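Once you've had a glance at the structure underneath, I'll fire off some questions.
Here the structure is a predicted model, which is why all the values come from computation and not from measurement. Convention: sequence-line order gives letters A, B, ...; per-chain numbering from 1.
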Amino acid sequence: MWGGRFTKGRSAIPELPEVETIRRELSPWLTGRIILSANLVDASPGPKYANLERAVSQRIMTVKRRGKFLLLPLDKGDELIVHLGMTGIISPTAPKKHLRVKLELNPGENSTLYFQDTRRFGRFLLVPAGQYQSLPTLAAMGPEPLSKDFNPGQFQKALQASATAIKTYLLSQKPVAGVGNIYADEALWRSRIHPLSPAKQVAKRQIPLLLNAIKEVLTESIAAQGTTLNDYRTVNGDLGSFRNRLKVYGHENEPCPNCGDVIERIVIAGRSTHYCPRCQKAHKEVKR
DNA sequence: CGAGTGCCCTGACAGC
DNA sequence: TGCTGTCAGGGCACTC
């Protein structure tokens, strides 16, 4: 099961569906296991790798997820937090390079956990359970996108709180958890909202459309993710079904699947942003 | 304190 | 072929 699935390069960016898939696989492996040792390898203690020594002799109670964070409550009051960043990989197989953390578990199947992270954007740390002050994005995170807490009333209220560009605001994780760069573009395209529209100026009738688009793209990609991972295990690379479903992301200068106009790429908040200038009119033009 | 900018980090890739 | 430069991006420190 754990063969080489996560060990090849060019893995997809870990977005919420992929983190959820990983969570589901970690759960039967790690739930109930006791951490015998926790060591940094090719990494230095700091905000991204904090307090791991406290993990020793604690039992992993469960494997949870909030947005793109993995949360592993331990039985003596601490919580192990893992964020995969761009390139983080959790595996029972030792990586050849860029190993950052090594956990020894009580004897049993796969008794070593390796955290590999090529680009060092990931995190692997311990905090007192629920104390997320050192992780401000997690502390201020909005509702889970596939939960009932993510509803039109809540979403509209959240959008009213910010004048920043809707794309930027979605990436902040504040109005809703787990929406990354790819899904933000896809959801905005589906709901015909310009990525630079100020959040508080998104038309009221479009708010439930955006909400549904977010739920749809995440649900569809969770469904496609299994396929992607299955393909991934047997074929070279991971250009699986999910990637083929993207309508605008990565399709700069190609025709919009909806209207045929040319998809444009701009940079918002330092992230590449893809949209159809015809389907996704700027707020002013919509209003006029 | 909200909003905006740049940094972290490495590998893939383009261009010469 | 091999070197150099550019790009990618989640989260956060920093600035105003």
Side-chain angles (χ1 to χ4, degrees), chain A residues 6-20 22 40-50 65-71 81-90 95-101 115-125 127 131-142 145 157-188 195-202 218 221 236-239 243 246 248-253 265-274:
Chain A
F6 297 119
T7 62
K8 287 187 182 298
R10 287 194 67 80
S11 68
I13 297 162
E15 297 260 8
L16 183 148
E18 200 161 14
V19 176
E20 175 59 21
I22 290 166
L40 292 181
V41 184
D42 196 6
S44 302
K48 293 183 176 182
Y49 302 101
R65 178 190 58 73
R66 269 292 275 144
K68 304 169 203 167
F69 288 83
L70 290 165
L71 309 177
I81 298 180
V82 182
H83 195 293
L84 302 174
M86 293 290 293
T87 55
I89 292 172
I90 295 171
K96 294 192 174 102
K97 299 169 66 176
H98 308 309
L99 173 62
R100 308 303 175 196
V101 181
F115 179 65
Q116 175 194 24
D117 186 20
T118 301
R119 294 191 193 177
R120 302 176 189 264
F121 281 16
R123 287 146 225 273
F124 199 113
L125 67 153
V127 301
Q131 301 294 304
Y132 303 142
Q133 298 95 324
S134 68
L135 301 150
T137 300
L138 178 59
M141 189 162 283
K157 190 176 175 186
L159 295 190
Q160 285 298 319
S162 178
T164 197
I166 182 65
K167 161 99 184 229
T168 306
Y169 197 43
L170 289 174
L171 293 182
S172 78
Q173 311 295 297
K174 287 177 182 171
V176 58
V179 176
N181 197 45
I182 294 172
Y183 294 123
D185 281 7
E186 294 296 311
L188 289 169
L196 283 174
S197 294
K200 61 166 57 173
Q201 290 182 40
V202 171
L218 293 176
S221 55
N236 197 13
D238 74 327
L239 305 182
R243 192 181 182 114
L246 299 177
V248 287
Y249 187 87
H251 290 285
E252 180 188 6
N253 293 330
R265 177 185 176 278
I266 58 177
V267 174
I268 300 176
R271 303 305 179 250
S272 65
T273 300
H274 312 72

**Asked** Is any side-chain N or O of A:Ser162 closer than 4.0 Å to OP1 or OP2 of B:dA3?
**Response** yes

**Asked** Should A:Thr164 be listed as having a side-chain N or O under 4.0 Å from OP1 or OP2 of B:dG2?
**Response** no

**Message:** What is the separation between atom NE2 on A:His83 and atom P on C:dG9, rounded to the nearest whole Å?
**Reply:** 15 Å

**Prompt:** Once you build an axis from the first five pairs and another from the last five of the helix from B:dG2-C:dC16 to B:dC16-C:dG2, how far apart in angle are they, to 10 degrees?
**Reply:** 40°

**Request:** Look at A:Ser272 and C:dG9 and indicate whether a side-chain polar atom (N or O) is within less than 4.0 Å of OP1 or OP2.
**Result:** yes

**Prompt:** Donor-acceptor pair, A:Gln173 side chain versus A:Gly142 backbone, under 3.5 Å?
**Reply:** no

**Request:** Looking at every strand, decide which applies to A:Leu135 at a 4.0 Å heavy-atom threshold: base, sugar-phosphate, or nothing.
**Result:** sugar-phosphate

**Request:** Would you indicate whether A:Lys48, at its atom NZ, is surrounded by more than 12 heavy atoms from other residues, nucleotides or ligands within a distance under 6.0 Å?
**Result:** yes

**Request:** Anything under 30° is parallel, anything over 60° is perpendicular, the rest tilted; go ahead and classify A:Phe115 against A:Phe124.
**Result:** tilted

**Request:** Considering only NZ, NE, NH1 and NH2 on the basic side and carboxylate oxygens on the acidic side, decide whether A:Lys97 and A:Asp117 come within less than 4.0 Å.
**Result:** no

Enumerate the protein-to-nucleotides 6-9 of chain B contacts in which both atoms are nitrogen or oxygen and the separation is below 3.5 Å.
from: B:dC9; atom 1: O4'; to: A:Arg119; atom 2: O; distance (Å): 3.4
from: B:dC9; atom 1: O3'; to: A:Arg120; atom 2: NE; distance (Å): 3.4

**Request:** Figure out the CD1/P separation between A:Ile89 and B:dT10, and round it to whole Å.
**Result:** 15 Å

**Item:** Contact under 4.0 Å: A:Lys97 side-chain N or O vs B:dT10 OP1/OP2
**Value:** no

**Complete:** A:Asp42 CG to B:dT10 P, in whole Å, measures 8 Å

**Request:** Indicate whether any N or O donor in one side chain lies under 3.5 Å from an N or O acceptor in the other, for A:Ser44 and A:Tyr49.
**Result:** no

**Asked** Does a nitrogen or oxygen in the side chain of A:Tyr249 sit under 4.0 Å from OP1 or OP2 of C:dG9?
**Response** yes

**Side-chain heavy-atom pair A:Leu16, A:Tyr183 within 4.5 angstrom cut-off** = no

**Prompt:** A:Arg265 side chain to A:Ser272 main-chain N or O, any donor-acceptor pair under 3.5 Å?
**Reply:** no

**Message:** Tell me the interatomic distance from A:Ile268, atom CD1, to C:dG9, atom P, rounded to whole angstroms.
**Reply:** 12 Å

**Request:** Ignoring hydrogens and angles, tell me if any N or O in the side chain of A:Arg65 forms a donor-acceptor pair with the backbone of A:Gly67 under 3.5 Å.
**Result:** yes

**Asked** Would you say A:Val101 and A:Val41 make side-chain contact, with heavy atoms under 4.5 Å?
**Response** no

**Prompt:** A:Tyr169 OH to B:dG2 P: how many Å, rounded?
**Reply:** 10 Å

**Message:** Nearest whole Å is fine: how far is C:dG11 P from A:Asp117 CG?
**Reply:** 13 Å

**Message:** Rounded to whole Å, how long is the line connecting atom OH of A:Tyr49 with atom P of C:dC12?
**Reply:** 14 Å

**Asked** Whole-Å distance between C:dG9 C1' and A:Ile266 CD1?
**Response** 16 Å

**Message:** Check this for me: does any side-chain nitrogen of one of A:Lys167 and A:Asp185 sit under 4.0 Å from a carboxylate oxygen of the other?
**Reply:** yes

**Prompt:** When you check the phosphate oxygens OP1 and OP2 of B:dT10, does a side-chain N or O of A:His98 lie under 4.0 Å from one of them?
**Reply:** no

